[in-house]
Amino acid sequence: MVKYIDLLLPTLLETIYMVSVSTLSAILLGFPLGILLVITEKGNILENQSINSSLSLIINISRSFPFIILMILVFPLSRLIVGTTIGTTASIVPLAIAATPFVARIVENSLKEVDKGIIEAAEAMGANNFQIIFKVLLPEAMPSLILGITLTIINLIGYSAMAGAIGGGGLGDLAIRYGLYRFKTDIMIASVLLIILLVQIVQLTGNKLATVLNKKR
Amino acid sequence: MISIKNLSKKYTSENKIVNALNHINFEIKKGEIFGIIGLSGAGKSTLIRCINRLEEPSEGNIFINGVDITKLNKKELRDLRKRIGMIFQHFNLLDSKTVFDNVAFPLQVSGFKKSEIKERVERLLSLVELSDKKDEYPSQLSGGQKQRVAIARALANNPDILLSDEATSSLDPKTTKSILSLIKKISNEFNLTVVLITHEMEVIKQICDRVAVIEDGEIIELDTVERIFSNPKTETTKSFVSSILNNSENEIVYPKIPNSKVIKLNFLGDTVKKPIISQMIKNFSIDVNILSGNINELQTTSVGNLLVQILGKDKDVNKALNWLKKEEIRWEVIWNG
């Protein structure tokens, strides 16, 4: 039992560490991109066809890379940001980069659901673009944004299993190394169960938050 | 107050140029309730949205208090919009904010202090009789209540002008009535100029002082509501007016008696109250058969219509009709037997 805990606890913490930091980074990078995608589309407050289509293209391209390739491609960037290309911290860089365009699309979809009439009403009141984004678009889309972030976190938990390839550690890595390579089925089952538990907790929390926000309106 | 000069709006849709508005000219006076009526696609929505430049005019000028708003830059335009309230058909309230915060929103946008916002919002909510709902969310309100919140929100910055974009079109008749009387009350109280668009003549009848009829991007008739009601000139206007009268003359079935005439009489103002028909029968040797009639109460006066069939010798009938003219009753012959 002690052996299990010694093995599982540090890897669980590694997973939580990788996923939370990369989620935060992806939100910081992806939100502005998603907002930009929406406000530059046709008929919106900062309509700009060339920015919109080039941004969309870049996002599509970066989403097309298989994650395992992306991890290797961003080595120079990882070295620049965290000083190394292997280890848990180093794997945060490709995770964040993989999740950023995903978050951008999630934000785009959520903001597009906001009724155009509400934006127009805000414009008619003399609100500037900054006020429309932060006081109208984001608050109105909040429940949908929260569900989108939940989806991102769960995707990142899955991706983080591949981080083992560059020595990232984490639960997924443990399952592969012990279960697949060394036939320790019990460890594999334990780590997979932990991942399932983690995903459940994230999803339930996200659902709960979105419901609470929705109930008020 | 608002002066629209040579206003045109064109846009391209599927490579075709659509003339939404065609060289429109008119003026709206301070404090009046000005209605714009038209069928869907006539251009009324485009027209009202040009007044706060939610729609950019392609040509022409719009002067508000002498300032040409088509020349304003973005910052000046935002300041102008704070002086113009607007309400919408679908209310457009912020679902994520309470009633209080919805009304507070334009004040926050304008950068008012918190204490001042609180005081103003409370006063506005009591004006629209929704003080008890201030902590509720829009989804908990009825359509009429939502529009009241929207009206309070539109008035938050003490505007000079209120634009109403089909504000009662998604409400039931009873709620429509109460929203219209609220707009009327506010307009009187604050000397607010109201521009409203609608496709319902009932709305025009209930609160407007003057009305413009718009069709295919052009204003085809513009006059006081009494004159539009009593003497509509174009077919479109006639059909709008008859839409709220009980019967139009085309639908009335009357016996086609030889040597009789079917006449439509038109009463305006004080003549509504006079016993014209009984006097006419006493004075001339004619018989009168009443086919249909109605009276509409407008803002400042009443308009009545009466469809009668007059039987008698041509000489007597003509005398009677001449007498009607002297009594300032307008008439027209609908059928001549």
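Note that this is a predicted model, so its numbers are computed, not measured. Chain letters run A, B, ... following the sequence lines, proteins first, then strands; residues in each count from 1.
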Which bit of [X] is near chain A, if near means a heavy-atom gap under 4.5 Å: side chain, backbone, both or neither?
X	answer
Ile87(B)	neither
Leu94(B)	both
Arg153(B)	side chain
Arg53(B)	neither

Salt bridge or not between [X] and [Y]? Use side-chain N to carboxylate O under 4.0 Å.
X	Y	result
Glu59(B)	Lys9(B)	no
Glu166(B)	Lys44(B)	yes
Glu120(A)	Lys116(A)	no
Glu116(B)	Lys113(B)	no

Greatest number of non-hydrogen atom pairs under 4.5 angstrom with chain B, of Val114(A), Asp115(A), Ile118(A), falls to Ile118(A)
Looking at Phe112(B), does the NZ or CZ of Arg120(B) lie under 6.0 angstrom from its six-membered ring centre and within 45 degrees of the ring axis? yes
